[in-house]
Protein chains: 2
Amino acid sequence: MKSEGEFGATAYTMLGLLSIRPMSGYDMRQMVGESIGHFWSESYGQIYPALKKMAEAGLVEKKTESSEGRPDRHVYTLTGAGRQRLEGWLEIPVKRGVVRNELLLKLFFGANAGAGVNAGHLRAFLEAEERLARVFAGIAAQLTKERKSDPQLPFWLITLSRGRHDALASIAWAKETLAVLDGLDAGGPVTQNEGQRKREEDGHGA
Amino acid sequence: MKSEGEFGATAYTMLGLLSIRPMSGYDMRQMVGESIGHFWSESYGQIYPALKKMAEAGLVEKKTESSEGRPDRHVYTLTGAGRQRLEGWLEIPVKRGVVRNELLLKLFFGANAGAGVNAGHLRAFLEAEERLARVFAGIAAQLTKERKSDPQLPFWLITLSRGRHDALASIAWAKETLAVLDGLDAGGPVTQNEGQRKREEDGHGA
DNA sequence: GGGTGCATGTAATGGGTTACATGATTCT
DNA sequence: AGAATCATGTAACCCATTACATGCACCC
């Protein structure tokens with residue numbers, strides 16, 4: 001079952017990146033890591049073959065730039081056909097992919113874990129999310145300054161905003177859950193629900 | 001590079017499920033769909049071979065139950081060795097898996113989309129998350145009643161709570177973002193950041 | 001001399017879903 | 001009559017990461 005004809009999400013990612021500016025496969029890998037790495041990933045093993053196929057199909061155009069002393073760059077440009085394909089793909093409703101969250105899996109089976117194990121995972125997670133939240137805040141601030149007039153800026157901020165909302169929700173949940181685990185150890189049949197109900201009211205007031 | 005010796009996450013999921021009660025592969029698939037489907041997935045094509053391998057390794061024990069008129073059930077039980085393996089796995093720090101969020105990808109390239117396309121995706125997402133939030137609330141309520149004394153209940157509620165936090169954060173972000181998109185159409189260089197800062201203070205107050 | 005960055009590509013490997021094969025029973 | 005549920009299992013396929021192969025230049 002093929003969802004979008006002969007090209008998959010990787011190919012459309014490449015088209016999208018080329019809509020920003022002409023690039024080489026190497027550049028794309030860099031951008032995936034730096035700019036969209038928080039919600040997307042691509043590896044060379046996907047990128048290069050995809051580029052080849054798309055060049056054959058006329059969606060991108062390849063030009064070789066030689067500079068002395070280092071490898072040739074194969075710079076790709078978006079063609080008219082390529083841009084059309086991209087626009088078409090953007091319209092296709094998003095089907096949510098399968099989630100696989102190992103932290104939640106381990107917590108689900110947490111009754112089998114030794115003392116402190118669950119809390120340990122949660123603390124590590126909490127720290128990571130707090131770091132992430134700061135990173136997002138930093139990038140947003142920097143981007144807002146440096147790219148003030150870029151027409152794509154608002155869309156980049158949207159994805160960053162999502163990252164922040166997520167991180168903050170994760171932080172709140174992790175703290176709450178650590179408290180619940182504390183209560184379990186102490187003995188009382190404690191209170192996952194009070195925390196939840198309070199949050200829910202907050203959320204609906206948005 | 002193998003992370004956990006010869007068994008992957010699928011196998012440990014099976015061990016975890018068997019820690020709840022003896023089950024057949026079919027039962028496991030059901031449970032994955034119903035109970036942990038919001039953060040995990042497994043298919044028959046993974047489950048049956050994994051079970052076979054683990055039986056050979058002595059981590060689970062297989063008993064065949066025959067009932068007339070319908071297929072045999074191969075019911076598996078956790079062995080001592082299996083339980084030990086599970087406990088060991090639970091202690092291993094969680095490495096966060098790669099994320100691939102197609103909605104965010106499309107929004108990132110949203111400047112290339114026709115009028116209303118981005119907002120359309122967001123509204124669909126918003127609805128889905130609102131439905132989800134209600135589902136989580138329902139399950140939590142039901143579970144709290146019906147499994148009042150189950151020692152694993154708190155851990156199930158923890159994963160549900162995570163789902164709720166996530167859904168509520170998604171809802172808030174989606175609403176905010178729809179407003180931002182509205183602003184873009186209207187013309188003003190509007191305000192992703194005011195919304196974000198307000199949320200952030202709320203979050204830190206938890 | 002050895003790591004890192006630049007730069008392209010292929011092959012091996014792994015993890016996962018879907019489709020297929022089989023077959024009785026029960027619900028619509 | 002036809003679909004869905006129960007139940008197990010294999011084979012084909014797809015998508016993706018990692019390792020490998022190559023090679024120059026620059027910095028420590």
Side-chain angles (χ1 to χ4, degrees), chain A residues 1-14 22-34 37 40-56 60 62-76 95-102 105, chain B residues 1-14 22-34 37 40-56 60 62-76 95-102 105:
Chain A
M1 206 240 277
K2 304 207 182 172
S3 29
E4 274 96 45
E6 71 251 75
F7 294 106
T10 299
Y12 290 103
T13 306
M14 305 299 105
M23 272 188 240
S24 68
Y26 188 84
D27 294 337
M28 291 179 189
R29 182 66 247 280
Q30 303 303 103
M31 277 210 74
V32 169
E34 291 161 18
W40 201 256
S41 77
E42 296 289 350
S43 56
Y44 290 127
Q46 295 270 109
I47 292 174
Y48 286 122
L51 248 18
K52 197 179 178 183
K53 267 189 69 183
M54 298 180 96
E56 280 161 21
V60 298
K62 177 178 176 175
K63 281 168 216 158
T64 303
E65 279 180 9
S66 300
S67 33
E68 27 180 322
R70 87 186 82 120
D72 288 0
R73 282 170 54 81
H74 296 177
V75 178
Y76 293 86
K95 56 188 178 311
R96 75 174 59 224
V98 202
V99 199
R100 270 184 141 218
N101 185 329
E102 206 175 299
L105 186 64
Chain B
M1 206 243 275
K2 305 208 182 170
S3 28
E4 274 99 46
E6 70 252 75
F7 294 105
T10 298
Y12 290 103
T13 306
M14 304 300 106
M23 274 188 238
S24 69
Y26 187 85
D27 294 337
M28 291 179 191
R29 182 66 247 280
Q30 303 304 103
M31 276 211 76
V32 169
E34 291 160 17
W40 202 256
S41 77
E42 297 289 350
S43 57
Y44 291 126
Q46 295 270 110
I47 292 173
Y48 286 123
L51 247 19
K52 199 179 176 182
K53 268 189 68 184
M54 297 179 96
E56 279 161 22
V60 297
K62 178 178 176 175
K63 281 169 218 158
T64 303
E65 279 179 11
S66 300
S67 33
E68 28 184 320
R70 89 186 80 118
D72 287 0
R73 284 169 53 79
H74 295 177
V75 179
Y76 293 85
K95 57 187 178 311
R96 72 174 62 225
V98 202
V99 199
R100 268 183 143 219
N101 184 329
E102 207 175 298
L105 186 65

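Computed from heavy atoms alone, side chains included, the values below leave out hydrogens, waters and symmetry copies. Numbers restart at 1 for each chain; the letters A, B, ... are given by sequence-line order, proteins then strands. Everything quoted here is computed from the prediction, not taken from an experiment.
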How many whole angstroms separate atom [atom1] of [X] from atom [atom2] of [N]?
X: A:Gln46; N: C:dG14; atom1: CD; atom2: C1'; result: 13 Å
X: A:Met23; N: C:dA7; atom1: CE; atom2: C1'; result: 16 Å
X: B:Ile47; N: D:dG9; atom1: CD1; atom2: P; result: 12 Å
X: B:Lys63; N: D:dA7; atom1: NZ; atom2: C1'; result: 19 Å
X: B:Glu42; N: D:dG9; atom1: CD; atom2: P; result: 16 Å
X: B:Asp27; N: D:dT5; atom1: CG; atom2: C1'; result: 13 Å
X: B:Tyr76; N: D:dT8; atom1: OH; atom2: P; result: 8 Å
X: A:Trp40; N: D:dC15; atom1: CH2; atom2: P; result: 12 Å

With a 4.0 Å cutoff (strictly under), does any side-chain N or O of [X] reach OP1 or OP2 of [N]?
X: B:Tyr48; N: D:dT8; answer: yes
X: A:Tyr44; N: C:dG9; answer: no
X: A:Ser24; N: C:dT8; answer: yes
X: A:Ser41; N: D:dT17; answer: yes
X: A:Lys62; N: C:dG9; answer: yes
X: A:Ser43; N: D:dT18; answer: no

Practice problem: Using heavy atoms to find the nearest nucleotide of DNA chain C for A:Asp72 and A:Lys52 separately, return the residue whose nucleotide is more 5′. | Solution: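 The 5'-side residue here is A:Asp72.
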
Which atom names give the shortest non-hydrogen contact between [X] and [Y], and what distance separates them?
X: B:Thr10; Y: B:Ala50; value: CG2-CB, 4.1 Å
X: A:Val75; Y: A:Pro22; value: CG1-CB, 3.9 Å
X: A:Val32; Y: A:Trp40; value: CG1-O, 4.0 Å
X: A:Gly25; Y: A:Leu51; value: CA-CD2, 3.8 Å

Exercise. Give a yes or no on whether the backbone of B:Ala11 and the side-chain of B:Lys53 come within a donor-acceptor separation of less than 3.5 Å.
Key: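 Pair absent, no side-chain N/O of B:Lys53 close to backbone of B:Ala11.
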
Exercise. May I ask you to decide if B:Glu42's main-chain N or O and B:Arg29's side chain share a donor-acceptor pair within less than 3.5 Å?
Key: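 A pair under 3.5 Å: yes.
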
Exercise. Could you tell me how the ring of A:Tyr26 sits relative to the ring of A:Tyr44: parallel (under 30°), tilted (30 to 60°) or perpendicular (over 60°)?
Key: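 Geometry flag for A:Tyr44 against A:Tyr26: parallel rings.
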
Practice problem: Return the 5'-most residue of the pair B:Gly25, A:Thr10 with respect to DNA chain D, ranking by each residue's nearest nucleotide. | Solution: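 Mapping each residue to its closest nucleotide by heavy atoms, the 5'-most match is B:Gly25.
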
Practice problem: Let me have a per-nucleotide readout for nucleotides 20-28 of chain C, 5' to 3', with B, S or -, counting only protein heavy atoms under 4.0 Å. | Solution: ---BSS---

